[in-house]
Chemist: 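Questions regarding the structure given below will be posed in turn.
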Amino acid sequence: MSEDILRHRYTDGRPNLRRFHQARWDEPIIFELSREGQRGILVPEVEPGIRERVGDVLGVLPEKMRRKKPPALPELAQPQVLRHYVRLSQENLGTDLNIDVGQGTCTMKYSPKINDQLARSPKVTELHPLQPEETVQGILEVMYRFEQILKEISGMDRFSLQPGAGSAAIYTNASIIRAYHRMRGEQDQRDEIITTIFSHPSNAACARTAGFKIITLYPDEDGYPDLEALKAVVSERTAGLMITNPEDTGIYNPRIAEFVRVVHDAGGLCAYDQANANGILGITRARDAGFDLCHFNLHKTFSTPHGCGGPGAGVVGATEELVRFLPVPLVEFDGQRYYLDYDRPDSIGKIRPFYGNVSVILKAYAWVMSLGAEGLRQVAEIAVLNNNYLLHKMLEIPGVSAPYARGKHRIEQVRYSWQGLTEETGVHSEQIGLRAADFGVHYWTSHHPWIVPEPCTLEPTESYTKDELDEYVAILAHVAEEARTDPEKVRTAPHNSTIHTIDHAPLDDPSRWAMTWRAYRRKVEGKGEA
Amino acid sequence: MSEDILRHRYTDGRPNLRRFHQARWDEPIIFELSREGQRGILVPEVEPGIRERVGDVLGVLPEKMRRKKPPALPELAQPQVLRHYVRLSQENLGTDLNIDVGQGTCTMKYSPKINDQLARSPKVTELHPLQPEETVQGILEVMYRFEQILKEISGMDRFSLQPGAGSAAIYTNASIIRAYHRMRGEQDQRDEIITTIFSHPSNAACARTAGFKIITLYPDEDGYPDLEALKAVVSERTAGLMITNPEDTGIYNPRIAEFVRVVHDAGGLCAYDQANANGILGITRARDAGFDLCHFNLHKTFSTPHGCGGPGAGVVGATEELVRFLPVPLVEFDGQRYYLDYDRPDSIGKIRPFYGNVSVILKAYAWVMSLGAEGLRQVAEIAVLNNNYLLHKMLEIPGVSAPYARGKHRIEQVRYSWQGLTEETGVHSEQIGLRAADFGVHYWTSHHPWIVPEPCTLEPTESYTKDELDEYVAILAHVAEEARTDPEKVRTAPHNSTIHTIDHAPLDDPSRWAMTWRAYRRKVEGKGEA
Amino acid sequence: MTRDGPMIHPYIPNSVPAIKEQMLQEIGVNDIEEFYEDIPTELRLTGLMNLPPPFLSEIELRRHVEGLLARNRTADEVLSFLGAGCYQHQVPAVCDEINQRGEFLTAYAGEPYDDHGRFQALFEYTSMMGELLNMDVVNVPTYDGFQAAATSLRMASRLTGRPEALVCGTIGRDKLSKIRDYCQRAMEIRLVPYDPKTGLMDLKSLRAMISDRTAAVYFENPSYLGFVESQGDEIAALAHEHGAVCVVSVDPISLGVIAPPADYGADIVCGDIQPLGIHMQYGGGHGGFIATRDEERYVMEYPSRLFGIAPTRVPGEYGFGDVAYERTSFAQREKGKEWVGTAAALWGITAGVYLALMGPQGMVEIGEGIMARTYYAMARLAEIQGVRVPLFHAPHFQEFVVNLDQTGKTVAEINRALLARGIFGGKDLSREFPELGQSALYCVSEVHQQRDLDRLAEALEEVVR
Amino acid sequence: MTRDGPMIHPYIPNSVPAIKEQMLQEIGVNDIEEFYEDIPTELRLTGLMNLPPPFLSEIELRRHVEGLLARNRTADEVLSFLGAGCYQHQVPAVCDEINQRGEFLTAYAGEPYDDHGRFQALFEYTSMMGELLNMDVVNVPTYDGFQAAATSLRMASRLTGRPEALVCGTIGRDKLSKIRDYCQRAMEIRLVPYDPKTGLMDLKSLRAMISDRTAAVYFENPSYLGFVESQGDEIAALAHEHGAVCVVSVDPISLGVIAPPADYGADIVCGDIQPLGIHMQYGGGHGGFIATRDEERYVMEYPSRLFGIAPTRVPGEYGFGDVAYERTSFAQREKGKEWVGTAAALWGITAGVYLALMGPQGMVEIGEGIMARTYYAMARLAEIQGVRVPLFHAPHFQEFVVNLDQTGKTVAEINRALLARGIFGGKDLSREFPELGQSALYCVSEVHQQRDLDRLAEALEEVVR
Ligand SMILES: Cc1ncc(COP(=O)(O)O)c(C=O)c1O
Ligand SMILES: Cc1ncc(COP(=O)(O)O)c(C=O)c1O
């Protein structure tokens, strides 16, 4: 009898580490694949009847407005274009492939294929946004229904589905806060937005872009947002509070309602960054804590895929008082038909063209409709269970800690620290991540600034099995052990990825950086056109 | 300035070999991923109204006909099923990914994505084959039009689109030959089918399955089918001739018309295996050489993807005299509507359920309609150009030869021999192929028996660029060189694939082979149910 | 072609004249024509073929093809009760996602090294089918259920060296036609009469017909006419008594609730995997399975590829390869068993995905759910005067015969009237089984809601009135 | 939920009670409730949310969603002449194939090691856009063309330290609204009047308005109203004379035939990539590009991610990474430039695939083909009495204004009548540009055949009669 293959795959009943290697195609830059004259696709020819009538139509362009020579795009036949990109795709690690708990705060949950399939229907993709409303009743109904769902989930009174992603939604909130104070004649006076350091950086950045000064609160000793600090900074200059909760640490601010009250009392508005509301769906709602505004990332909480960084959608909810400021148009229903209401004089106007990322909205709608209230609550509960399970396991790795709120549980993610390991071995969080890549998983340190030293943020969502969480922890435990026994291996990682350690220096050097192939060719060779 | 990365990618202006590694996920068998209770998809519930009416419906089954316990299928949630199979897919090398010239005779050409897209329309996928004809006029028209195209390409009078792939079409031809002789009362007498050793093995195998004795001709010194040998074997026992041309060697039989004549004179029929007609589309036609029957593989010549080994389609063409024998039904058009004609008393009957692999047929139709007559001819010409270019380059590799027809050109593929290299180094063709896998390409030795020693068959089709052909040759040249300088490296290949050298012994040992996981578990562990 | 100059096609990279020239030069040839030197002039086509003008841009091609397809009305658009060998079921999106991946879709016949994924996916498919069927050996799919049945019989004939198969009389006539053609020189196919009341095989006739010439006794479960053949154990025993092989064709979707044929004595089990996550495609979604016990004499009779698991030189790595390759026509040409070739591997992978998604519970629920809907539909139709349903007194799964003799109308007439009401009525059996009079074969699955079945009942009532 | 027992959902593997139990035990906690200890009771929702009952099987979900969508009539089904910022073009199947690949679709923000493919694909996208635009720096896409224009203006404001932008008066009102909101606290937006005959920017007014307060002069090519702004060189020169930045928004599909703005002096070029292989999606297919010369002061003002190429420790390996990451809000929070976040990367990859497929020749042909169709359409409509087309005397690309004042009918009336004939007429401009009277913006592209344009002309003739 042959030896049992399985015998070598497990040790003490646990699976051994995956012997992973990422696809490595060593692909050229697409310009290198170009051969003069090849065509990737043909465009419909101008019919003779048209040609006869219009003649050399380019002649109508003044000489200076005519392109002198065709753009120097690569010339490839279709199979080669396809092959190039399929190969590149294999060198990319989507959630479909990996135990994607390492991009904490990003909510890398499962994006159901059925929803993608539905959103690919020509009944969605081939709609022009300016079609007569009577020809788009279906998609308007989807948007309308989804708004009702969002209202129930958040307690807010109306939603705009327009913003293109989370930060755009945060900006929208800032713009609404600005409009509110302008309406009250306080726009010049109220120019400060308060946020916390463990709120997503976009809260600070978007508010700043909207013209506000930013006041950033730091946590108290236990890692909770500091109520006393808040009280110390509110004033008649306070335009509003813009925060995440649970914060990036995974810690829920138990005094959130009081935070809101303090800001309200000072005359400010409160906007809740619920990009990631995964752990509290059906558990607690923005409105109940007193918020005036909130937003969700459909590409996080609502499962739509991240698309390498978009398209996503950030939906903005407002209380009755602020509805008037929401972007135009809103989707309305008169009992008979759905329509777009542009007649909203106090609106902040447009945040993006048309009505939002409609395919994304459709996917999110389908996702909710496949779960219902009970399902959404289970999403939250299991996400939180997974997170606390992971926390429990992670803390068993020597050298790992979870600063703050010790002994408490976390909601949806945890910001860990490898400080202990770094002190012991000199190996840094980032290096641990690159070595983890050798086992086929993502790993993300954390947003700057690194208040938590040598951080990493893990967020398991509801989508992964216990076995997968165990595998992820086993990988990190293994790498931590390596940091002790073979630190060079960790420091020189990755070894099994598509490529090896990058020399980052040119990327910060204006004389060497190159954001296009033409710039690169010019800089390294002095070739190419300027 | 940074050093030019490109400098290290080329030597003497030619790209260096690709530093390839195939995705390696080390995936468990899906049963290992099972955890009790998990669900991958839910089925619609029985509505209460139905439930009330029917009650415990399983009660109608006699006890012995009820399944005692649920099948021991794995239990996985949906993301895990998806992830498992996406990972497996990355461990597979489709034509979309590699320079697929190494599976010679298989015509691994580009399968245009637009055709896949069209065939995925619900207007195709959601049709039931027994729908009233008036509700399937569209798909019937596609089938009808495609038949007209096939008639023009082959010169034959009618086609059946029914057989599921090439060998099924060959079998269909054999069955028609049988029916023809039966109709003439010669069925017992005419029980011999003649084929050639360089015709695809299915010609021999399918004809044998249809009850014929097989006579196999070997080539003459120059590698051409031997006319004298044919003359020596034809007789009143001859039912027919079933051959490929060009043969697997890529050599076109210039006396093909004479072959046909000799067999006709002996009272036999001639069936032309045109599975791969890629090199002669628009150049020469089955009918013109006198054939009575022919078939095409839509999954080769007509570009439809191979699907890991089907679905494909083998369409069978017949001359007027033999049309009556074609499988039922044929698609007919009365000037107004398309319909299925079952009223064909002499037909051999059904070869498969319904009418064929309709999605495959649609893709092939779309492919022809995107090329037209000029395009098809270019397919042939460029495929042949590519093949002869590859031949020219291959012969520059020391140790490679292309037996037969020396100094002549080939049509669509070439059967090469590494005999020289093997004699010099002891490295065999198969080992060369496994080492070639380390560079991300397929390589196939050849069908058995190996008349050509240490064979490999390459077929570049029209789909690959000159650069790709050069890369393929460079890989083989490199491996051949390695066979001399580092034969151990070649012998122990692959090194950069998903897995390493397999121990094949258990696969031929009844006490150890295992075609299912349950059998494997039982055999290695004595576990599981018998 | 109205474009100027030579055609440079996106699918043909080297159609660029300069590249062509360069390649010809390197070969040392002046003209592509020279490559065709072996083709005699009299066989050469002069000029271009007479084909329709092409649609060179995708948008024109799409317009043309979608324009044709727009004339179809699908079983999604019309309420369909058609089955008879091709079934409308839920197709999970993950099934499509996997079988549309270029890696699987465009691969073919590579080595287990570069195509490890295909080997593992198909090994897993056969392994899951093995569980469903309670059998240890399952083939890489052959073309379809017809082929699987025909090959199963020929396997039986080779195993026994006998020249005759006894086949249940309720087999569909198309499948019978396939089997007859396929077995023509190998064995005689004789139909065993069925009991006109129950549809079940008439065991008395079977006893009379079976002999030492009998290679196989073949029946189906559920039968083509929808009822469950509940005498499986007796038929198998009879076959075995006479040294024959018991071959059963089965709809795999029934096996969550109905006993797998191996449990009542089948030696070879075959069928079609189309119901397992594969779109109907106008009959283009078929794949055939054959399963047996893991006995060498059975294994050696398979014509199909059989993928087995094996170690590699790295401990703990799963390798795969062909089991007993020497059986095949690839290895042995006409000395192999029947033949092997391109068949339906992608559907095998897909069915594997389907079974992995469904799991044990899913298969139980779908089976039970189909039966519940079937019984509801039968009950509703039975209320209609003049409609006899089910025609056979036996348990049913998914399909049932509706006899309309007493309505005074033909099935064709009734189906036309149903179509006018947006319904595809059951398959007309009046030519296939004239002895059943004006009968139609109705099919119900988990896609049907109560209101669909009610709608059918109401429409039929109207129509027969 | 009518299923018995706890819900075990396919999307939530650990919803299996036994697994849940086991995990709780390992953690040492009795109940999931404990994890929520930090959430005050008064903030806790009691009971379930009031949401519609779910469709737990895919087939039910599909039926529901497709049922809703069936009420849409698409621009494929109706003959459409709508543009105004969202365009119907040929979308090559390869574009869809690539952006549907799970590896790209479900990835996010990994390191350049595990996500090498994303970095390379986006670097290639920016590289090809660079060729099209004749510029050396292109960003990883921002949300859409509106955002790209608004950010370009703020970049100009930061570059110059000036508080005002002069914007062509023909800008679409939605885009203007976005820009006004976005620049509210950063700069004032002033509209430069246009010549009512030609639509071109009124240079006299521009000269009068421009000053050392002017950060940017902004215009579009082709303009929102379809004509080509042919004074680009003069406008750019004027801007530069006054130390201002010249910002041009451009439709990339025009750049095979129309000069890229860099050639006539633009400093920042922006626009939307939706036309490059991305489906309209009811306005959900947008992505914004911003391009500049490779000058440090420009580069440092981008808020977006910029992907650069770099060597790795293995010679000849391409590595990629963020250029000047410290600019960004990821690195610097409010001290970064505006902000960066999820935007439209997948459409960037897609547009790259599109440009790689099209190549130089494709871009020339599509540009020329669109112009030819545009001129044909204008000529055909101009034959109709009472229809003034094009309203502006200037070269046109793709879009043009049709004035209907002399028909005595409103655009709304005419569009309703066209719809009844299966046509989406041009966008009604009467509220957006009241000064143009009853005018509509028609859009023509390579999807239109001669017979479509003729059909439009015939229908319009009928309707205005
Ligand atoms: C809490 C929180 N807020 C805001 C954002 C920003 O969202 P987006 O990336 O869609 O702009 C994120 C995502 O990174 C987030 O996790
Ligand atoms: C010439 C020839 N004939 C027949 C076949 C058999 O075709 P299939 O694999 O579709 O059965 C092939 C393909 O392998 C072939 O190349």
Side-chain angles (χ1 to χ4, degrees), chain A residues 40-41 43 46-47 50 54 57 60 70-72 75 85 88-89 91-96 123 125-129 135 137-138 164-165 167 201 204-205 208-209 211 214 252 254 284 305-310 312 349-350 354 357-358 372-373 384 392 409 465 497-498 500 502 510 516-517 519, chain D residues 13 23 27 32 35 38 43 48-49 51 54 68-69 71-74 76 82 98 101-103 106-108 113-114 116-118 127 130-132 136 143 177-178 185 279 282-284 296 312 314 319 323 329 333-334 338-339 341-346 357 359-360 366 371-372 375-376 395 450:
Chain A
I41 194 154
V43 295
V46 174
E47 290 149 289
I50 291 180
V54 303
V57 72
V60 305
E75 302 177 57
Y85 281 102
L88 291 187
S89 79
E91 296 175 341
N92 215 56
L93 201 55
T95 297
D96 280 2
K123 288 288 192 183
T125 61
E126 305 314 312
L127 295 178
H128 190 286
T135 66
Q137 287 295 299
S167 305
R208 176 76 199 106
T209 304
I214 307 303
Y252 187 91
T284 181
H306 286 73
C308 283
K350 294 299 292 181
F354 310 112
N357 278 329
V358 174
V384 171
H392 182 78
H409 300 107
T465 61
S497 281
T498 303
H500 300 83
I502 296 164
T516 53
W517 185 240
Chain D
M23 292 172 75
I27 306 173
I32 285 176
F35 301 133
D38 271 341
L43 298 188
L48 286 179
M49 293 183 288
L51 294 177
L68 293 175
L69 296 180
R71 298 178 61 202
N72 298 332
R73 285 170 68 198
T74 71
D76 268 2
L82 290 165
I98 297 302
R101 299 233 347 134
E103 288 92 333
T106 68
Y108 195 21
Y113 301 97
D114 25 41
H116 179 78
R118 166 171 66 99
S127 296
E131 295 300 340
L132 196 61
D136 270 4
Y143 304 108
S177 164
K178 161 74 189 184
R185 294 266 177 105
H279 295 278
Y282 199 51
E296 183 176 357
T312 78
V314 173
V323 167
S329 64
R333 297 176 68 92
E334 72 271 20
E338 303 169 35
W339 77 78
T342 308
L346 194 66
L357 287 167
I366 200 168
M371 274 191 74
Y375 273 81
Y376 181 83
Q450 183 180 4

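All chains are named by letter (A, B, ...) in the order of the sequence lines, taking the proteins before the strands, and each is independently numbered beginning at 1.
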Chemist: Side-chain contact, heavy-atom cut-off 4.5 Å: A:I502 with D:Y113?
Modeler: yes
Chemist: Shortest non-hydrogen contact from D:Y376 to D:Q450?
Modeler: OH-NE2, 3.1 Å
Chemist: How many angstroms lie between CH2 in D:W339 and CD in D:E334, if you round to the nearest 0.5 Å?
Modeler: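 Interatomic distance, D:W339 CH2 to D:E334 CD, rounded to 0.5 Å: 14.5 Å.
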Chemist: Do you know which of A:G40, A:S497, A:P70 has the most heavy-atom pairs with chain D at a distance under 4.5 angstrom?
Modeler: A:G40
Chemist: Between A:N92, A:T209, A:T516, which residue shows the highest count of heavy-atom pairs closer than 4.5 Å to chain D?
Modeler: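 If we count pairs closer than 4.5 Å to chain D, A:N92 comes out on top.
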Chemist: Looking at chain A, which one of D:G284, D:A345, D:G359, D:G341 has the largest number of heavy-atom pairs inside 4.5 Å, strictly under?
Modeler: D:A345
Chemist: Which one wins on heavy-atom pair count under 4.5 Å against chain A: D:G319, D:A344, D:A343?
Modeler: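 Option with the greatest count: D:A343.
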Chemist: Calculate, to the nearest 0.5 Å, the distance between atoms CZ and CD belonging to A:R208 and D:E338 respectively.
Modeler: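 So the CZ of A:R208 and the CD of D:E338 are separated by 11.0 Å.
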Chemist: Return the option, out of D:D38, D:L68, D:V314, with the maximum number of heavy-atom pairs under 4.5 Å with chain A.
Modeler: D:D38
Chemist: Given heavy-atom pairs under 4.5 angstrom as the criterion, report whether the side chain, backbone, both or neither of A:V57 touches chain D.
Modeler: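 For A:V57, the contact with chain D is made by backbone and side chain together.
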Chemist: Top residue by heavy-atom pair count (under 4.5 Å) with chain D, among A:I41, A:V384, A:I50?
Modeler: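 Between A:I41, A:V384, A:I50, the count favours A:I50.
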Chemist: At a heavy-atom separation under 4.5 Å, does D:L132 approach chain A through its side chain, its backbone, both, or neither?
Modeler: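 For D:L132, the contact with chain A is made by backbone and side chain together.
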Chemist: Would you mind telling me which of D:I98, D:T342, D:V323, D:D114 has the largest number of heavy-atom pairs within less than 4.5 Å of chain A?
Modeler: D:D114
Chemist: Which atoms of D:L43 come close to chain A, meaning under 4.5 Å heavy atom to heavy atom: side chain ones, backbone ones, both, or neither?
Modeler: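 It is both, since atoms from each part get that close.
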Chemist: Let's test your reading of the structure: which of A:G309, A:A165, A:S167 forms the most heavy-atom pairs below 4.5 Å with chain D?
Modeler: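 The residue among A:G309, A:A165, A:S167 with the greatest pair count is A:G309.
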Chemist: Need one label for A:H306: side chain, backbone, both or neither, based on atoms under 4.5 Å from any heavy atom in chain D.
Modeler: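 A:H306 touches chain D through backbone and side-chain heavy atoms alike.
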Chemist: Relative to chain A, which segment of D:R118 carries a heavy atom at a distance below 4.5 Å: side chain, backbone, both, or neither?
Modeler: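 Contact with chain A is through both the backbone and side chain of D:R118.
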Chemist: Quick one, A:Y252 and A:T284 - any side-chain contact, counting heavy atoms below 4.5 Å?
Modeler: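 Result yes, sub-4.5 Å side-chain heavy-atom pair found.
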Chemist: Could you grab the distance from atom CG of D:L346 to atom CZ of D:R101, nearest 0.5 Å is fine?
Modeler: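 Going from CG on D:L346 over to CZ on D:R101, the span is 12.5 Å.
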Chemist: Most heavy-atom pairs under 4.5 angstrom with chain D, which of A:G312, A:G211, A:A373?
Modeler: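 With the most close heavy-atom pairs to chain D, the winner is A:A373.
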Chemist: Please report the interatomic distance CD1(D:I27) to CD1(D:I32), rounded to the nearest 0.5 Å.
Modeler: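 Going from CD1 on D:I27 over to CD1 on D:I32, the span is 8.5 Å.
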Chemist: What residue in A:G164, A:G349, A:P254 has the most heavy-atom pairs under 4.5 Å with chain D?
Modeler: A:P254
Chemist: Which heavy atom of A:K123 sits nearest to which heavy atom of D:L69, and what is that distance?
Modeler: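 Shortest heavy-atom separation between A:K123 and D:L69 comes out as CD-O, 3.6 Å.
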Chemist: Taking all heavy atoms of D:N72 and all of A:Q137, pick out the closest pair and write down the distance.
Modeler: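 Looks like OD1-N, 3.7 Å.
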Chemist: When rounded to the nearest 0.5 angstrom, what distance separates CG in D:D136 from CD in D:E131?
Modeler: 8.5 Å
